Amino acid sequence: MLQILDPAGKLVGEPPDLDGKDLLEMYRFMALGRRFDRRAMRLQRQGRLGTFPPGEGQEAAQVGSAYALEPDDWVYPSYREHATQLVRGMPWSVMLSYYRGLPNRDWDVHRYRMNIHTIPIATQLPHAVGHAHAARLAGENLITMVYFGDGATSESDFHSAMNFAGVWKAPTVFLCSNNGWAISMPTRRQTAATDLADKAIGYGMPGVKVDGMDVLAVYSATKEAVDRARRGEGPTLIEAITYRFGPHATADDPSLYRSESEVEAWRVRDPLDRMRRYLDSLDLWSDDIDEQVTDEASEMDLALAEIEGREPPPREEAVRHVYAKVPEALSHQYETALRREDSGPSRLEPDERWRIGHDPVLEGATAHWNMAEAINAAMAEVMDRHPEAIIMGEDVGRTGGVFRITAGLLDRFGAGRVIDSPLCETGIAGTAVGMAIGGARPLVEIQFDGFVYPAFDQIVSHMARFRFRTRSNVSLPIVVRWPNGGGIAPHEFHGDSPEAYFVHTPGLTVVVPSTAVDAKGLLAAAAESPDPVLFLEPKVLYRAGREDVPTGYYTLPIGRARIRRAGDDVTVVTYGGMVRVAMSAAGQLEREGVSCEVIDLRTLKPWDRDTVLDSVARTGRLVLVQEPPRTAGMAAEVAATVAEEALYDLEAPIARVAGFDAPWPQFGVEAHAIITPRRVVSAVRETLG
């Protein structure tokens, strides 16, 4: 274990090349971090702050590591790095505002080059790796430092981040503050490894074990790792052996799982006492230093008083910053809530509402393409128009993906922009988040629909929430594509339709095209979006037919449905692979004298309420068709909206044709689950009596 100062403050190793001013500054930051923790603990007990995680005892690991960074480097914290925040120049008011539970309007991650605390454990690690890798591809020589605890090494995101970083030789420094406890779980019950630093070996990077209560040792180890990364030699894992003297958080009682004698044994290694003795040995210490720290820390009370004196955030803060523009549906929900509470008019200005456009007239040269070819062309156009665009996924490069959707793009744009990633969906999605924070525009492919489940946490916890979390300080222009749905006789997890999970998630846009023309225009629009878009491609339609597709660049409006077939007797609403089924049923019914209006939603979130409601007002009947399981799907959402807003337009009960509430069956019996035109025809007949 690397150590430069022993617990008595005496040199036992080679000190780093720091002058007296630097040494005093490092002590100052450690002391301020401790004052912040102690004061915040008291404020939480007074009910003036929310749940708070103190870091007392870990100041050396935080300050020593942060002090080794350059101003342009980035920090990805966990949730206890308060001393690191101070080193990065964050004011008391920003730190306290977070723990007051207020919107993070002042936490400018670009200004402080420091991301907001990460609550889901270890999920920030892939972000740091993706950011560092994208920055290097863009020619930036920055380092990302990511902080986490010993418990985080048990998470799958730790593995994915370390593996991606090792494969890519990403300029990332992993700093594990091993305080011996993950709340009540000791390290020995987290891992069988003797040292966490040993885990680095399997990922092809150095692992360094350092005395985490020795600020000089941490600085030296970090400086070496930072310099190594900046030279292009890849990542390093640093295990800082430290201790938290207080509870895991204010809701924790550490006496339930550790003894007071253990705490006292660690107290003799206190990083502040150790540094103070060392400064004294250099004749740099003066009692005035602590007095100055006390005076500076007293500004916390002024900052908190200012925060408490602010006007409460307006109610609209609850719905702003979910998207770059407030969708019409969200605005409608907000206005309805205000009306029912008699709270006055909406404060959401019309120019910030989602504007639903119209399909442009597509003119010019065309090519006779199927959907797969149209998507490939759209991605090539996006890559041409946006030098920051990156295609990433499993097998997307040399083989062009399992459906050959990205075929030829590696040769055209190179391995730096068309990246064959390791086989790890959470790593793919997580690094894409970091890439977008770093200024890239990732086009991510998940190989199959059922493989998106491991990436669910990254998509839902981070992609969807970053704009809201940062009050629009961070945009994530990410497109996540995957082949969706059944109909090709696949094995398990190769025929799922998981869209309902994501439609339920605020912050995501979900698009499902049904034609080659729409796929090309909607994918271009998705890539232009400042918000993350999930682009679900019905695999049954990839090569189901061809149509004339404009070869020039064009976008189609996200959030706007298309009437595929006009009709007067009944409205049939569907999307994706079921459009073809609904159109076949409508053709059969026409021969019986029934006129069906078929609406292709195209976008599931936000979906086009106006087109559906207008159609139902004319036909008086509604049939909904979806391939996924019936319960809580898009059909249920559309039906509920029509029942709420157009019940008196209906002349018959709404009918749903949907998949069973069962997993998609094995390919030998897939036909038993597939929705046929006959089922749709029968549902329409039922609504007609």
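Everything numeric here is computed off the predicted structure, so don't read it as measured data.
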Are the side chain of [X] and the backbone N or O of [Y] linked by a donor-acceptor pair below 3.5 Å?
X	Y	value
Arg34	Glu56	no
Glu233	Arg230	no
Thr406	Gly400	yes
Arg417	Ala389	yes
Arg467	Val474	no
Asp37	Gly55	yes
Arg441	Ile478	no
Asp19	Lys21	yes
Arg258	Val263	no
Asp157	Ala122	no

**Prompt:** Are Met383 and Val418 close enough, and set up right, to give a side chain to side chain contact (heavy atoms under 4.5 Å, CB included), and what steps lead you there?
**Reply:** CA-CA 10 Å; Met383 296 285 278; Val418 181; 4.2 Å; yes
[X] to [Y] - nearest heavy-atom pair and separation:
X	Y	value
Leu23	Met275	O-CE, 3.5 Å
Thr51	Pro53	O-CD, 4.2 Å
Val293	Ala31	CG1-CB, 3.8 Å
Leu5	Asp214	N-OD2, 2.6 Å
Gly416	Leu137	O-CD1, 3.2 Å
Phe413	Ala380	CZ-O, 3.6 Å

**Asked** After noting the C-alpha distance and the side-chain angles of Thr242 and Asn178, does the key distance pass the side chain to side chain contact (heavy atoms under 4.5 Å, CB included) rule?
**Response** CA-CA 6 Å; Thr242 183; Asn178 183 357; 5.7 Å; no
**Request:** Tell me whether the guanidinium CZ or amine NZ of Arg465 lies under 6.0 angstrom from the six-membered ring centre of Phe468 and within 45° of its axis.
**Result:** no
**Message:** Does Phe451 form a ring pair (Phe, Tyr, Trp, His ring centres under 6.0 Å) with Phe448? I'd like the steps, not just the answer.
**Reply:** CA-CA 5 Å; Phe451 297 175; Phe448 275 95; 5.7 Å; yes
**Request:** Compare all side-chain heavy atoms of Arg398 with those of Asp411 and state whether any distance is below 4.5 angstrom.
**Result:** yes
**Item:** Heavy-atom side-chain contact between Phe535 and Leu443 under 4.5 Å
**Value:** no
**Message:** If the test is side-chain hydrogen bond (donor to acceptor under 3.5 Å, both in side chains), which one of His117, His248, Gln62 qualifies with Arg80?
**Reply:** His248
Classify the side-chain pair [X]/[Y] by whether it contains a donor and acceptor separated by less than 3.5 Å.
X	Y	answer
Asp72	Trp74	no
Asp395	Gln447	yes
His131	Thr144	no
Ser65	Tyr147	yes
His82	Glu59	no
Asp150	Gln190	no
His127	Asn115	no

**Request:** Check the pair Trp181 / Tyr257 against ring pair (Phe, Tyr, Trp, His ring centres under 6.0 Å), numbers first and verdict last.
**Result:** CA-CA 9 Å; Trp181 294 93; Tyr257 53 84; 5.2 Å; yes
On the 0 to 90° scale, with breaks at 30° and 60°, tag the [X]-[Y] ring pair as parallel, tilted or perpendicular.
X	Y	result
Tyr99	Phe36	tilted
Trp168	Phe164	perpendicular
Phe466	His462	tilted

**Asked** Rounded to the nearest 0.5 Å, what separation is found between the OG atom of Ser177 and the CD1 atom of Ile241?
**Response** 10.0 Å
**Item:** Test salt bridge (Lys or Arg N to Asp or Glu O under 4.0 Å) applied to Arg113 and Asp73, step by step
**Value:** CA-CA 7 Å; Arg113 314 284 277 191; Asp73 295 333; over 6 Å; no
**Request:** Before giving the answer on side chain to side chain contact (heavy atoms under 4.5 Å, CB included), spell out for Glu445 and Glu394 the whole-Å C-alpha distance, their side-chain angles and the decisive distance to 0.1 Å.
**Result:** CA-CA 7 Å; Glu445 177 175 301; Glu394 298 163 12; over 6 Å; no
Greater than 12 external heavy atoms within 6.0 Å of [X]'s [atom1]:
X	atom1	answer
Glu224	CD	no
Arg267	CZ	yes
Arg231	CZ	yes

**Message:** Determine whether Asp270 and Arg274 satisfy the following criterion, salt bridge (Lys or Arg N to Asp or Glu O under 4.0 Å), listing intermediate values before the conclusion.
**Reply:** CA-CA 6 Å; Asp270 190 302; Arg274 186 182 306 198; over 6 Å; no
**Prompt:** Hey, mind stepping through Thr172 and Val146 against side chain to side chain contact (heavy atoms under 4.5 Å, CB included) and telling me if it holds?
**Reply:** CA-CA 7 Å; Thr172 299; Val146 59; 4.1 Å; yes
**Derivation and outcome, side-chain hydrogen bond (donor to acceptor under 3.5 Å, both in side chains), residues Glu262 and Tyr243** = CA-CA 10 Å; Glu262 176 185 306; Tyr243 199 75; 2.6 Å; yes
**Asked** So, Lys199 and Glu239, do they make that salt bridge, N to O below 4.0 Å?
**Response** no
**Asked** Checking side-chain hydrogen bond (donor to acceptor under 3.5 Å, both in side chains) for the pair Asp290/Tyr27: CA distance, chi angles, key distance, verdict?
**Response** CA-CA 10 Å; Asp290 271 341; Tyr27 175 84; 2.9 Å; yes
**Message:** Please evaluate residues Asp384 and Arg412 with respect to the criterion salt bridge (Lys or Arg N to Asp or Glu O under 4.0 Å), reporting the C-alpha separation (whole Å), side-chain torsions for both, the decisive distance (0.1 Å), and the verdict.
**Reply:** CA-CA 10 Å; Asp384 277 331; Arg412 182 168 174 180; 2.5 Å; yes
